[in-house]
Amino acid sequence: MGAVTYPDLFVATLLNEYFIPVQVNIQQATKLAAKFNALWTPNINILDGGENLVYHNEGWLPPSEFSAMLMVSRGHFFLRNKRYEDAISVFQEVWNKFPASSFASQALYYLGVSRYMSSHKAEDLIDGWKLLQRYYPRSLWAIRSSIV
Amino acid sequence: MEKLKASVRWEESYERGLERCREERKPLLLDFFKEG
């Protein structure tokens with residue numbers, strides 16, 4: 001990640017502006033690695049202030065996919081901390097900025113969830129998931145939403 | 001054309017990162033890496 005992804009201007013800007021980025025050597029920080037069950041690297045864990053894991057990703061990603069993943073993880077951070085309007089805004093932004101990304105379908109899935117959690121209206125979830133099924137019909141997230 | 005590059009401002013202490021996470025109400029990104 002250090003060679004290609006982290007030096008990318010957009011990735012670095014996202015990390016510096018919206019996250020507290022912490023990097024530890026898995027071979028030295030053995031207790032911390034065990035705490036998070038870290039086995040393989042790169043190994044990205046997104047936490048909230050209560051040390052709750054809100055998102056996890058393993059394996060290398062190029063800058064564009066990593067940027068989309070960062071934004072989705074930020075959406076999850078907001079969602080799990082009941083900041084629904086912030087979550088809605090971020091998931092919407094992922095779809096707007098990275099429609100071709102492999103993370104776009106997940107963003108649409110959780111956009112529907114975030115809207116529902118905010119409004120408690122079933123139609124907000126259903127409408128969101130119909131959009132997902134229309135734009136990413138073969139995605140795993142569309143399959144997960146096919147209950148509606 | 002050369003790609004524009006930037007530097008990530010890494011915290012090297014997990015504990016300090018967690019403090020800042022709480023103070024600044026931002027998510028903490030914990031990256032485990034291996035050298036070599």
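Predicted model only: the values in this text are computed from it and were never measured.
Within residues 39-56 of chain A, the residues approaching chain B closer than 4.5 Å by heavy atoms are, in numerical order, A:T41, A:P42, A:N43, A:I44, A:N45, A:I46, A:L47, A:D48, A:G49, A:E51. Applying a 4.5 Å heavy-atom cutoff, the residues of residues 10-28 of chain A that approach chain B are A:A12, A:L15, A:N16, A:E17, A:Y18, A:F19, A:I20, A:P21, A:V22, A:Q23, A:V24, A:N25, A:I26, A:Q27.
No more than 12 heavy-atom neighbours from other residues, nucleotides or ligands sit within 6.0 angstrom of CG on A:N37.
Remark: the A:R144 side chain and the A:Q106 side chain contain no N/O donor-acceptor pair separated by less than 3.5 Å. At a cut-off of 3.5 Å, with distance as the only test, no side-chain donor of A:Q133 or A:S146 sits close to an acceptor on the other residue.
Taking the six-membered ring for Trp and the full ring otherwise, the centers of A:H120 and A:Y84 sit at least 6.0 Å from each other. Aromatic rings of A:Y6 and A:F66 (six-membered ring for Trp) have centroids within the 6.0 Å cut-off, being under it.
Note on B:L18 and A:F36: same hydrophobic cluster, where clusters join Ile, Leu, Val, Met, Phe, Trp and Tyr whose side-chain heavy atoms are under 4.5 Å apart, directly or indirectly. The cluster map of Ile, Leu, Val, Met, Phe, Trp and Tyr, joined by side-chain heavy atoms under 4.5 Å apart, puts A:L131 and A:W129 in the same cluster. Side-chain heavy atoms closer than 4.5 Å link hydrophobic residues (I, L, V, M, F, W, Y) into clusters, and following such links, even through other members, never connects A:F78 to B:L28.
In this structure, no portion of B:R16 lies under 4.5 Å from any heavy atom of chain A. Interface remark: B:E23 contributes no atoms to any contact with chain A (heavy atom separation under 4.5 Å).
Side-chain contact between A:I88 and A:Y110: absent, with no pair of heavy atoms (C-beta onward) separated by less than 4.5 Å.
Using a cutoff of 4.0 Å between basic side-chain nitrogens and carboxylate oxygens, A:K121 and A:E123 are not scored as salt-bridged.
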